[in-house]
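Here is the structure we will look at, set down as structure tokens.
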Amino acid sequence: KAFAAGIESQGKGNAVPVEFLGTCVDYIKASMDRLHAQDQRIHDILKPHVGRDDTAGNEILANLDMRLAKSRAALAQLVAGRDAYRAKGALGWKDFEATVAHFMDVYFNVLLKGQHSTIEMQKNLFGDKEWNDVAGVSQDALMTEGALFAAVKRLAPAGMDPESFKAGPPVV
């Protein structure tokens with residue numbers, strides 16, 4: 001939400017530090033990498049339980065593969081767009097803004113719209129062990145995200161402190 005506020009403010013012609021927006025992308029990348037890995041583990045745990053003749057199950061897993069591929073590509077484009085924006089400064093704003101819009105479109109309309117597609121399969125097959133495997137939380141991941149969140153907070157312009165936003169999904 002802090003990143004969205006920064007993008008909106010910059011889009012209105014207010015100067016938002018490139019480093020703040022870039023650090024937000026660093027945080028988003030770390031979070032999305034973790035999310036992608038979790039979704040991949042869900043896929044990989046479910047896959048052996050879906051037979052060749054299970055059309056519905058295979059379609060669900062193929063859809064998950066497609067959504068993950070599109071999300072990973074959009075994330076890579078976001079990171080490349082951030083790098084180009086850092087290099088070009090104000091001259092690269094419009095390209096970066098378009099890249100952010102594309103990433104957000106993929107995030108909301110491709111990745112999240114199908115996020116519960118495997119729920120019924122999970123209910124039937126997942127126990128505590130599988131959910132612990134899916135979570136994949138590690139001390140390194142927690143430290144990385146904590147450090148990136150602190151950097152976003154430290155660089156946040158007035159009105160963009162991530163802790164000032166209500167918890168929950170971003171408003172679209």
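Counting from 1, the numbers follow the sequence of the chain as shown.
Side-chain atoms of Glu130 come within 3.5 Å of backbone atoms of Gly127 as a donor-acceptor pair (strictly under, hydrogens ignored). Listed for the His36 side chain is a donor-acceptor partner under 3.5 Å among the backbone atoms of Met32. Looking only at distances, a side-chain donor or acceptor of Asn58 sits under 3.5 Å from a matching main-chain atom of Gly51. Under the 3.5 Å distance criterion, the side-chain polar atoms of Ser9 are left unmatched by any main-chain donor or acceptor of Ala5.
Nearest heavy-atom pair, Gly22 versus Arg86, reported as atom, atom and distance to 0.1 Å: C-NH2, 3.4 Å. Here the shortest heavy-atom pairing between Phe3 and Leu21 reads CE1-O, 3.8 Å. Closest approach of Lys1 and Lys166 over heavy atoms only: NZ-O, 2.8 Å. Residue Gly159 comes nearest to Ser164 through the heavy atom pair O-OG, 4.5 Å, listed as atom of the first residue, atom of the second, then distance. The two residues Arg67 and Leu111 come nearest to each other via the heavy atoms NE-O, 3.4 Å. The nearest pair of heavy atoms linking Ile60 to Ser117 is CG2-O, 3.6 Å.
A continuous path of hydrophobic side-chain contacts links Leu112 to Leu75 [ILVMFWY only; heavy atoms under 4.5 Å]. Cluster annotation: Leu125 is connected to Val50 through the hydrophobic network of ILVMFWY side chains, with a link wherever side-chain heavy atoms come within less than 4.5 Å. Taking hydrophobic clusters as Ile, Leu, Val, Met, Phe, Trp and Tyr residues chained together by side-chain heavy-atom distances below 4.5 Å, Trp93 shares a cluster with Leu155. Hydrophobic clustering places Ile7 together with Met104 (ILVMFWY residues linked when any side-chain heavy atoms are closer than 4.5 Å, directly or through intermediates). Placement of Phe149 and Val79 within a single hydrophobic cluster is found when ILVMFWY residues are connected by side-chain heavy-atom separations under 4.5 Å, directly or transitively.
The CE atom of Met121 sits 11.5 Å away from atom CD1 of Ile119, with the distance rounded to the nearest 0.5 Å. For the atom pair Glu59 CD and Met66 CE, the distance stands at 12.0 Å (nearest 0.5 Å). A distance of 11.0 Å separates CG in Asp39 from CZ in Arg34, rounded to the nearest 0.5 Å. Asp33 CG to Glu145 CD: the interatomic distance, rounded to the nearest 0.5 Å, is 9.5 Å. Here CH2 of Trp131 is found 9.0 Å from CD of Gln38. Values are rounded to the nearest 0.5 Å. The structure places NZ of Lys88 at 14.5 Å from NZ of Lys94, a figure rounded to the nearest 0.5 Å.
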Which is it for Val134 and Phe126 under the side-chain contact (heavy atoms from CB on, under 4.5 Å) test, yes or no, and what are the steps along the way?
CA-CA 10 Å; Val134 166; Phe126 283 20; 3.8 Å; yes
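Each of His43, Lys47, Lys70 was scored for a side chain to side chain donor-acceptor pair (under 3.5 Å) with Asp65, with one residue passing: His43.
Counting only heavy atoms from C-beta outward, the side chains of Tyr85 and Val25 never approach each other to under 4.5 Å. Taking the side chain as every heavy atom from C-beta outward, Asp26 and Arg82 approach each other to under 4.5 Å. Looking only at side-chain heavy atoms (C-beta outward), Val106 and Gln77 stay at 4.5 Å or farther from each other. Residues Phe103 and Ile28 have side chains in contact (heavy-atom distance under 4.5 Å, counting atoms from C-beta outward). Residues Gln10 and Phe20 fail the side-chain proximity criterion, which asks for heavy atoms closer than 4.5 Å. Side-chain contact between Val100 and Glu97 is absent, with no heavy-atom pair separated by less than 4.5 Å.
Counting heavy atoms of neighbouring residues, nucleotides and ligands inside a 6.0 Å radius, atom CG of Asn124 exceeds 12 of them.
Phe165 belongs to no multi-residue hydrophobic cluster, having no ILVMFWY side-chain contact under 4.5 Å with any other such residue.
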